[in-house]
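These numbers were taken from a predicted model, which means no experiment stands behind them.
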2 protein chains.
Amino acid sequence: MTSDPVRLGVAGLGRAFMLTLPAFQADPRIRLVAAAAPRAESRAAFERDFGGTGYASVDELASDPNVEAIYVATPHQMHADHVIAALKGGKHVLVDKPLSVSMEDAERMVAAAEESGGHLIVGPSHSFDAPVALARRLIDSGEFGALRMVQAFNYTDFLYRPRRPEELRTEEGGGVLFSQGIHQIDMVRLLCGGQAETLFAMTGNWDPDRPTEGAYSALLSFAGGAFATLTYSGYAHFDSDIWMDDIGELGAPKPSGGYGAARSALIGLDAESEAKLKTTRTFGQGKAPAKATHHEHFGPVIAICDRADLRLTPGGVEIFADTERRFVEAPVGPVPRQEVIDALYGAVRQGRAPAQSGHWGLASLEVCHAILTSAETGAPVRLGRQCGLNQEEIEHE
Amino acid sequence: MTSDPVRLGVAGLGRAFMLTLPAFQADPRIRLVAAAAPRAESRAAFERDFGGTGYASVDELASDPNVEAIYVATPHQMHADHVIAALKGGKHVLVDKPLSVSMEDAERMVAAAEESGGHLIVGPSHSFDAPVALARRLIDSGEFGALRMVQAFNYTDFLYRPRRPEELRTEEGGGVLFSQGIHQIDMVRLLCGGQAETLFAMTGNWDPDRPTEGAYSALLSFAGGAFATLTYSGYAHFDSDIWMDDIGELGAPKPSGGYGAARSALIGLDAESEAKLKTTRTFGQGKAPAKATHHEHFGPVIAICDRADLRLTPGGVEIFADTERRFVEAPVGPVPRQEVIDALYGAVRQGRAPAQSGHWGLASLEVCHAILTSAETGAPVRLGRQCGLNQEEIEHE
């Protein structure tokens, strides 16, 4: 199975790549063979570390015959051009969430994937986290009856992490919806079967210095009758990780004494200095994230079924059944995000697309936009571009 | 101040009375002088314990010239008749939540209070809990800027506590909305200023053996721009008290090994036996609840302000501010529900009505009905009978 690794090219060597790199490096099913990045230092670091080829443009990368698949980890607003170039070059694509900012771009990418016959996978997202997949399997088992209601919430310091200016402009994909809401939507859609029907939402845009959505709450119904609440705040106050065993989003224990660190780091910085601070978190510059002891997660999630509630934790799923309460562990592998490699390798080598396809990503993006629309109009939004799970493919993990 | 206690009569000696009795007994500002109850054993127990007069009907109690105020703690559907009888008898009234089941009854009671000039207070409810009042004072202080968003949720075994048959029929006030939702609505309205504007909600009615709403989720906007999510499940699986320091609703530590107790106690019982089991929890029959070490509470509540998030706990309020995280304790008095006595005594002896007036209770009831209506129609509901806080009166506590 590992005698024939997927020859992967990477478009964009920023923070997203940094976070997925350990999975690429540790997994014999992947070989990093090329990259595209506008910054020469990043390309040099890539060539030094992996012996592959560094290109200045994604078009060049997409023309490299040695590359089979491309991980597109460039800023949101560039996804469409880069994904379409990769697909036209005959490559399979793993594109970082969100698929795009605009629905038009998303539709173009989905059409390009259909035309090229290449796989288009949207990830990593927290819907790949092992406890989410475990919860999905527990629901599928039928042991607990129908899924009825999901509550997902997350309170983070997202809005105060170092940002490029466009990351604070909603129309360019800034704010919490496109970068953070999309995770929650992906997770909740995976648990609820994917086919969202109606949504009502309110959003918060409360800091004039960072004038984009920093919070939202949404109520969402699904085909089959389940409904879900999704709540998020990126305003860096309450930290819901205290209810996730003090494990951070990336699976590592939270450092003690770190309260308020995100805001403090920004004090006195202008927009340029802040954008520069962000580059210290890209490949070849920053330090690697703290060692994960648990799975990645995206905040507390409770899924109510007829005969049990499932509580997702960074280690697995706690089952609150009719008469007993028990914990089912999701074993932690040597590196995070192995589930994403499962999906990529499964698609490229075994022809098994994961649930998180291009159409899936488009459907999650539709929910993002619906949250903004509902908040603006004060009316519920009917969703029209949803897609369900391919059950068989979820269960193989 | 305590030389002239309020001479209180009690209508209904069931579970609600049992839970408030310790506050009445411990507080020198209250003297229990009479009661009305249909069951002779309850009346006898009352006369034996308090030396007052037991009446078979509320009309007789309302005619007792020695009674100044009446605590109406009869089943929901009887509130209107009992409250109006008490007001017509010239008494002040403390009526257990919800004010009533129907809006028509609520309007009649509010009109009767206006006509009689007597105080009508709706309580106890969890909006009286000291940490809620403390959070309200912290918001009022202005230190943290505007209140923006509230998230309140609670997962309990409510639906599986012993019930009379009508408590499982929504149209008679059964299900989680009128008994439990009303607490959450009261709390959230108190934090958000009272004036709810628009609501969207979904409800769950998932156990055919207990065919009434057992869960809901609602999104609610307020005058001034804040919004709130309210989520509840009474299906006895996940227990959100694990996020409230393992302190139960009544302020006592949760017994270990009690998981699933509510469902287990019902196994094999028919409706009649179940209703009978409920009477073991009324005055003169059951044992007193476990000793409270903390304040009563109604599940996790997070209130987002511009410069801090407030997390309500059974002991006070944890403040997550820009650069520091600190805890403000709400001192625990010798008995629970002292805040309700504050309100009753303040109204009867000092002419200071609390926020939780008849109109307040009517406004909370309107939100209950709006949740049912929105869930049924799939449309948002505009609220039209809301009322705000009387700031001065909230702050005196």
Side-chain angles (χ1 to χ4, degrees), chain A residues 144-146 148-149 151 153 155 198 200-204 206-207 214-221 225-231 233 235-240 242-243 259-261 263-264 267 300 302-311 318-325 374-375 378-380, chain B residues 144-146 148-149 151 153 155 198 200-204 206-207 214-221 225-231 233 235-240 242-243 259-261 263-264 267 300 302-311 318-325 374-375 378-380:
Chain A
F144 307 112
R148 302 297 193 169
M149 175 170 117
Q151 182 178 20
F153 58 96
Y155 290 71
T198 300
F200 188 84
M202 300 182 188
T203 58
W206 298 317
D207 182 348
Y216 63 83
S217 203
L219 195 44
L220 185 56
S221 67
F227 61 86
T229 52
L230 297 82
T231 299
S233 167
Y235 281 104
H237 289 137
F238 176 62
D239 179 355
S240 52
I242 67 171
W243 291 337
Y259 188 80
R263 281 178 188 269
S264 300
I267 291 171
I302 310 290
I304 294 190
C305 300
D306 277 337
R307 292 186 291 279
D309 292 357
L310 310 179
R311 175 195 164 211
E318 189 169 8
I319 300 174
F320 294 79
D322 281 0
T323 54
E324 60 156 11
R325 177 178 163 179
S374 178
Chain B
F144 307 112
R148 300 298 193 169
M149 176 170 115
Q151 182 179 20
F153 59 96
Y155 290 72
T198 300
F200 188 84
M202 300 182 188
T203 58
W206 299 317
D207 181 347
Y216 63 82
S217 204
L219 195 44
L220 185 56
S221 67
F227 62 86
T229 52
L230 298 83
T231 298
S233 167
Y235 281 105
H237 289 137
F238 175 62
D239 179 353
S240 51
I242 67 172
W243 291 337
Y259 187 81
R263 280 179 189 269
S264 300
I267 290 171
I302 309 291
I304 294 189
C305 300
D306 277 337
R307 292 187 290 279
D309 292 357
L310 309 179
R311 175 194 165 213
E318 190 170 9
I319 300 173
F320 294 78
D322 281 359
T323 55
E324 60 156 11
R325 176 177 163 181
S374 178

Discussion item. Treating B/Asp309 as the side-chain partner and A/Phe238 as the backbone partner, does any N or O pair qualify as donor plus acceptor under 3.5 Å?
Written reply: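 Side chain of B/Asp309 to backbone of A/Phe238, a donor-acceptor pair under 3.5 Å: yes, one is there.
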
Practice prompt. Mark yes or no for whether A/Ser221, through its side chain, and A/Thr198, through its backbone, hold a donor-acceptor pair below 3.5 Å.
Written response: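 Between the backbone of A/Thr198 and the side chain of A/Ser221 there is a qualifying donor-acceptor contact (under 3.5 Å).
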
Worksheet item: Looking at A/Arg148, A/Arg307, A/Glu324, which has the largest count of heavy-atom pairs under 4.5 Å with chain B?
Response: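 So the answer, after comparing A/Arg148, A/Arg307, A/Glu324, is A/Arg148.
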
Does any backbone or side-chain atom of [X] lie under 4.5 Å from a heavy atom of chain B? Answer side chain, backbone, both or neither.
X        : value
A/Ser217 : both
A/Tyr259 : both
A/Arg311 : side chain
A/Ala321 : backbone
A/Ser264 : side chain
A/Leu220 : backbone
A/Ala146 : neither

Worksheet item: Side chains of B/Thr231 and A/Thr229: does their closest heavy-atom pair fall under 4.5 Å?
Response: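 A side-chain contact exists here, since the closest heavy-atom pair is under 4.5 Å.
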
Worksheet entry | Min side-chain heavy-atom separation B/Leu230-B/Gln151 under 4.5 Å |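 A side-chain contact under 4.5 Å is absent here.
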
Using non-hydrogen atoms only, which part of [X] is less than 4.5 Å away from chain A: side chain, backbone, both, or neither?
X        : result
B/Ser240 : neither
B/Ser374 : neither
B/Ile304 : side chain

Worksheet item: Between B/Tyr155 and A/Phe320, does the ring centroid distance fall short of 6.0 Å?
Response: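 No, they do not, as the ring centres are separated by 6.0 Å or more.
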
Worksheet item: Would B/Arg263 and B/His237 count as having a side-chain donor-acceptor pair, cut-off 3.5 Å?
Response: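 Yes.
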
Worksheet item: How close do B/Pro380 and B/Phe200 get, heavy atom to heavy atom, and via which atoms?
Response: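 Shortest heavy-atom separation between B/Pro380 and B/Phe200 comes out as N-CD1, 3.7 Å.
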
Fill in: Least distance between heavy atoms, B/Pro300 atom then B/Trp243 atom
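B/Pro300 and B/Trp243 have their closest heavy atoms at CG-CB, 4.2 Å.
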
Discussion item. Let's test your reading of the structure: which of B/Ala308, B/Gly260, B/Cys305, B/Ala201 forms the most heavy-atom pairs below 4.5 Å with chain A?
Written reply: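 With the most close heavy-atom pairs to chain A, the winner is B/Ala308.
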
Discussion item. I'd like to verify something: which residue of B/Thr323, B/Leu310, B/Ile302, B/Ile319 has the highest number of heavy-atom pairs under 4.5 Å with chain A?
Written reply: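 Answer, by heavy-atom pair count under 4.5 Å with chain A: B/Ile302.
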
Discussion item. Nearest 0.5 Å, please: how far is CH2 in B/Trp206 from CG in A/Asp306?
Written reply: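 Taking CG in A/Asp306 and CH2 in B/Trp206, the distance rounds to 8.5 Å.
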
